[in-house]
Structure formats: structure tokens, C-alpha cells
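Here's the structure, in C-alpha cells; my notes come after.
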2 protein chains.
Amino acid sequence: MARLSDVIEDFIKALLKETDTGIEIQRNELATYFKCVPSQINYVIGTRFTAEKGYFVESKRGGGGYISIKSVSIKKPYEYLMHIILSMGDEISQQSAEIYLNNFVDYNIITKEDSQIIKAAISNGALRKVDSEKRDMVRVDIFKNIMMSMIV
Amino acid sequence: MARLSDVIEDFIKALLKETDTGIEIQRNELATYFKCVPSQINYVIGTRFTAEKGYFVESKRGGGGYISIKSVSIKKPYEYLMHIILSMGDEISQQSAEIYLNNFVDYNIITKEDSQIIKAAISNGALRKVDSEKRDMVRVDIFKNIMMSMIV
DNA sequence: TATAATAAGGTCAGAGATAGTCAAAGGAAG
DNA sequence: CTTCCTTTGACTATCTCTGACCTTATTATA
């Protein structure tokens with residue numbers, strides 16, 4: 001018979017697979033669901049979701065408390081960004097770039113603050129001295145450079 | 001269940017974002033709005049808007065009383081950055097820009113991560129399509145644009 | 001004025017809601 | 001039978017929310 005801890009481990013991993021942003025669970029709720037004592041959840045997390053194994057766990061006690069688990073591999077949206085970068089053409093308009101950036105924010109790949117910085121870097125205002133027919137080319141270079149710097 | 005304290009925290013932060021001068025709130029009014037006891041407002045302020053987190057809180061009792069909250073982390077870098085921006089010439093080399101950035105990091109004005117992003121944005125690599133004699137001019141524009149975006 | 005009434009905000013301890021720790025008991029594998 | 005992993009539960013720590021009671025400032029009134 002499979003050990004309960006393994007079942008809980010699989011359950012949490014399945015939850016993690018369904019989201020790109022990490023999960024947030026309630027210890028007592030999970031314990032109730034699996035009909036075990038709450039501390040068993042700690043046991044599972046302590047033995048299966050360690051930093052060494054690529055997980056980042058945070059928690060908070062008190063009312064509205066939670067345990068959040070993130071897979072560190074999610075932190076590197078390497079492939080997604082790489083795909084975007086490679087699929088980007090030789091030029092990009094300010095508008096299109098901002099659409100990309102808004103998506104990155106929505107998908108939690110970059111923070112809103114970073115998106116502001118990047119928008120400032122690639123705005124027409126910042127590039128006003130670049131010949132207008134070259135501007136979109138320069139913009140895509142800056143954009144790709146920034147993105148590359150973020151996945152390293 | 002989302003914690004009420006977090007909701008109130010977000011509400012206050014949203015108010016703060018809308019103004020550069022700090023906000024002034026009425027404790028009872030806020031409490032009524034969120035259907036909680038007034039002292040919960042104190043709790044939120046005491047736990048989320050501490051000096052350590054970069055907020056300056058003042059209050060006054062009695063008729064016409066209020067609680068004022070100011071974000072101090074924004075004000076100081078503002079003047080410093082503004083000074084830097086204004087004193088910057090019409091062009092800047094990649095090397096000089098990086099020296100500035102390293103200083104900003106040392107003085108805790110920007111994070112190391114942000115400095116990486118900015119370095120990527122203004123590197124010669126990112127600007128390779130810009131005519132080399134114009135490159136330092138474009139770089140300073142991007143640099144100033146980013147800095148301006150950060151103090152808003 | 002001096003005093004009372006009113007209108008704020010402040011404090012603190014306790015209740016409630018979660019999560020964490022640790023040691024002992026239970027079981028499976030060798 | 002020994003060792004190592006799992007399960008349990010008593011006890012602890014932390015965070016949130018509430019309410020009773022306190023302090024201070026302003027305004028009205030004698």
C-alpha cells in the first residue's frame with residue numbers, strides 16, 4: 001500500500017503542474033482531506049519539498065494562514081522567454097513590445113516594476129535620436145538584450 | 001479567506017500611489033468602510049507601515065484628527081536621481097553608465113537585479129544598430145528615461 | 001476663561017485561527 | 001531484530017480581529 005505521505009506528495013505535485021505560479025494550500029484543509037493530522041503535511045513538505053529538491057516554501061500562521069509552494073524551475077521561465085525572443089522578428093513597435101510586457105506581467109514572469117523600467121527603455125521617447133526608420137530595429141535589440149539578461 | 005488586513009494594506013498603498021505627498025486618512029471612516037473595528041486600522045498600520053518598511057506615520061487625536069502616512073523611500077532617491085539626471089550631459093559611454101549604476105546599487109537606490117536590466121538595455125550590444133557616432137546620445141536618452149520612470 | 005461635551009485616535013489583552021516542533025509510537029524493509 | 005521512514009498528537013508560536021477602556025484635541029457653554 002502506498003504510503004500516505006507519497007499520496008500527499010503526488011497530490012501537491014499535481015497541483016503544482018496545473019499552475020505556473022506556484023500554489024497556496026491550507027494545512028488543516030489538506031489534513032482534513034487526507035484524514036490525517038495536520039503535522040503530517042509538515043512532514044511531507046519537510047521531506048519532499050525541500051530547497052534541495054527545487055522547491056521554495058513559505059507560510060504564514062494565524063487567521064488566513066497558508067503554505068505556499070513554488071517549484072524553482074518555474075522561476076526560470078527560460079524556455080518560454082527563449083521561445084518569445086527567438087520568435088521575435090528583426091523589429092518591433094513600441095505598442096507590440098508593450099503588449100508582450102503586459103503579458104509577461106500577467107504570467108508572473110516579470111514584475112510590474114520591471115515592466116515599467118523596460119517600457120521606459122524602449123519607448124519612442126528614449127529612442128527619439130535614433131533614425132525613425134531604424135527605431136523598431138534598435139528597439140527589438142534592446143528588448144531582446146534585456147530579456148536575455150533576465151534569464152541568466 | 002483573504003485577510004482583511006491585507007485588503008486594507010493594499011487599499012492604503014493604492015492611495016499612496018496616487019499622490020506624491022503622502023495621505024491623510026480618518027481612522028473611523030476607514031473602519032466603517034471596511035466594516036471592522038477602528039483598532040484594526042492601527043493593527044494594519046502597526047504591522048505594515050513601519051519605519052523599517054519605509055513609511056512615516058503621524059497622527060492627531062481630537063476633533064479634526066487624522067492619520068497621515070508618507071512613504072519615505074521615494075522622496076530621498078528622487079532628489080538624488082533628479083540631480084544625477086539633470087547633471088548628465090547629452091551622451092554617455094557604456095562604461096560611465098555602468099559606474100553610475102553600480103553607485104545606485106551601492107546606495108540602495110536600485111536593486112542589483114534592476115541594474116542588470118538597465119545594463120542590458122544600454123549595452124553596446126543592444127545598441128549595435130545605432131550609428132556608432134550617435135550611440136552615446138541614444139544611450140543617455142534611454143538611461144534618463146529609465147531613471148525618470150523609476151522616480152515616478 | 002474654566003469647564004463640560006464631543007470628536008477624534010491609541011493601547012492592550014484576549015479570543016480565534018492557523019501553522020510549527022518534537023518526541024514517541026508504529027511499521028516496513030533488509 | 002535493527003534501522004529508517006511514517007504517523008500521531010500534545011504543546012508551542014504567530015498572526016488576525018475585536019472590544020473595553022484610555023488619551024488628546026477641539027468646540028460649546030457657563
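Labels below follow one simple rule: chain letters A, B, ... track the order of the sequence lines, proteins then strands, and each chain is numbered from 1. It should be emphasised that the depicted structure is a prediction, and the values quoted were computed from it without experimental measurement.
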Handout entry: Candidates dG20(C), dT18(D), dT6(D) - which lies nearest the side chain of Tyr43(A)
Key = dT6(D)

Practice task
Can you tell me the distance, in whole Å, between the CZ atom of Phe34(A) and the P atom of dT6(D)?
Solution key: 15 Å

Handout entry: Pair Arg139(B) + Asp136(B): basic N to acidic O under 4.0 Å
Key = yes

Exercise for the section: Kindly check if the number of other-residue, nucleotide or ligand heavy atoms within 6.0 Å of CD (Gln95(B)) is above 12? Expected result: no

Completion exercise
Checking dG9(C), dT14(D), dC17(D) against the side chain of Leu4(B) (C-beta onward), the nearest is dC17(D)

Exercise for the section: Name the orientation class of the two ring planes belonging to Tyr100(A) and Phe143(A) (parallel below 30°, tilted from 30 to 60°, perpendicular beyond 60°). Expected result: tilted

Exercise for the section: Report yes if a side-chain nitrogen or oxygen of Ser5(B) is closer than 4.0 Å to either non-bridging phosphate oxygen (OP1 or OP2) of dC17(D); otherwise report no. Expected result: yes

Practice task
Figure out the CG/C1' separation between Asp6(A) and dT6(D), and round it to whole Å.
Solution key: 10 Å

Exercise for the section: Before giving the answer on ring-ring contact (aromatic ring centres under 6.0 Å, His included), spell out for Phe49(B) and Phe56(B) the whole-Å C-alpha distance, their side-chain angles and the decisive distance to 0.1 Å. Expected result: CA-CA 8 Å; Phe49(B) 295 88; Phe56(B) 179 58; over 10 Å; no

Problem - Integer-rounded Å distance: dA25(D) P and Gln26(B) CD - result: 16 Å

Handout entry: Connected via hydrophobic side-chain network under 4.5 Å: Tyr66(B) and Tyr33(B)
Key = no

Problem - Gln40(A) side chain near dT8(D) phosphate (N/O to OP1/OP2, under 4.0 Å) - result: yes

Practice task
Check whether any side-chain N or O of Arg48(A) sits under 4.0 Å from OP1 or OP2 of dC5(D), and answer yes or no.
Solution key: no

Handout entry: Rounded distance (Å) that lies between atom P of dG20(C) and atom CG of Leu30(A)
Key = 12 Å

Practice task
Could you check whether Gly62(A) gets within reach of a base, just the sugar-phosphate, or nothing at all, counting any heavy atom under 4.0 Å?
Solution key: base

Practice task
Whole angstrom is fine here: how far is it from CZ in Arg61(A) over to C1' in dG16(C)?
Solution key: 16 Å

Practice task
Answer yes or no: does a side-chain N or O of Asn28(B) lie under 4.0 Å from OP1 or OP2 of dA8(C)?
Solution key: no

Handout entry: Atom-to-atom span, CD1 of Ile41(A) to P of dG9(D) - whole angstrom
Key = 14 Å

Fill in the blank from the handout: The nucleotide from dT11(C), dC17(D), dT7(D) with an atom nearest the side chain of Arg27(B) is dT11(C)

Practice task
Look at all strands and tell whether Tyr66(B) reaches a base, only sugar-phosphate, or nothing, counting heavy atoms closer than 4.0 Å.
Solution key: sugar-phosphate

Practice task
Could you please name the option among dT8(D), dG9(C), dT6(D) that lies closest to any side-chain atom of Cys36(A)?
Solution key: dT8(D)

Practice task
Describe the nucleic acid contact of Ile67(B) in one word from base, sugar-phosphate, nothing, applying a heavy-atom distance below 4.0 Å.
Solution key: sugar-phosphate

Exercise for the section: Please report, rounded to the nearest Å, how far the C1' atom of dG10(C) is from the CD atom of Glu58(B). Expected result: 16 Å

Problem - Pair of N/O donor and acceptor under 3.5 Å linking dG9(D) base with Ser39(A) side chain - result: yes

Problem - Lys60(B), nearest nucleotide to its side chain (from dT16(D), dG9(C), dT26(D)) - result: dT26(D)

Problem - Separation of atom CG in Asn42(B) from atom C1' in dG19(D), rounded to whole Å - result: 13 Å

Problem - CG (Asp90(B)) with more than 12 external heavy atoms under 6.0 Å - result: no

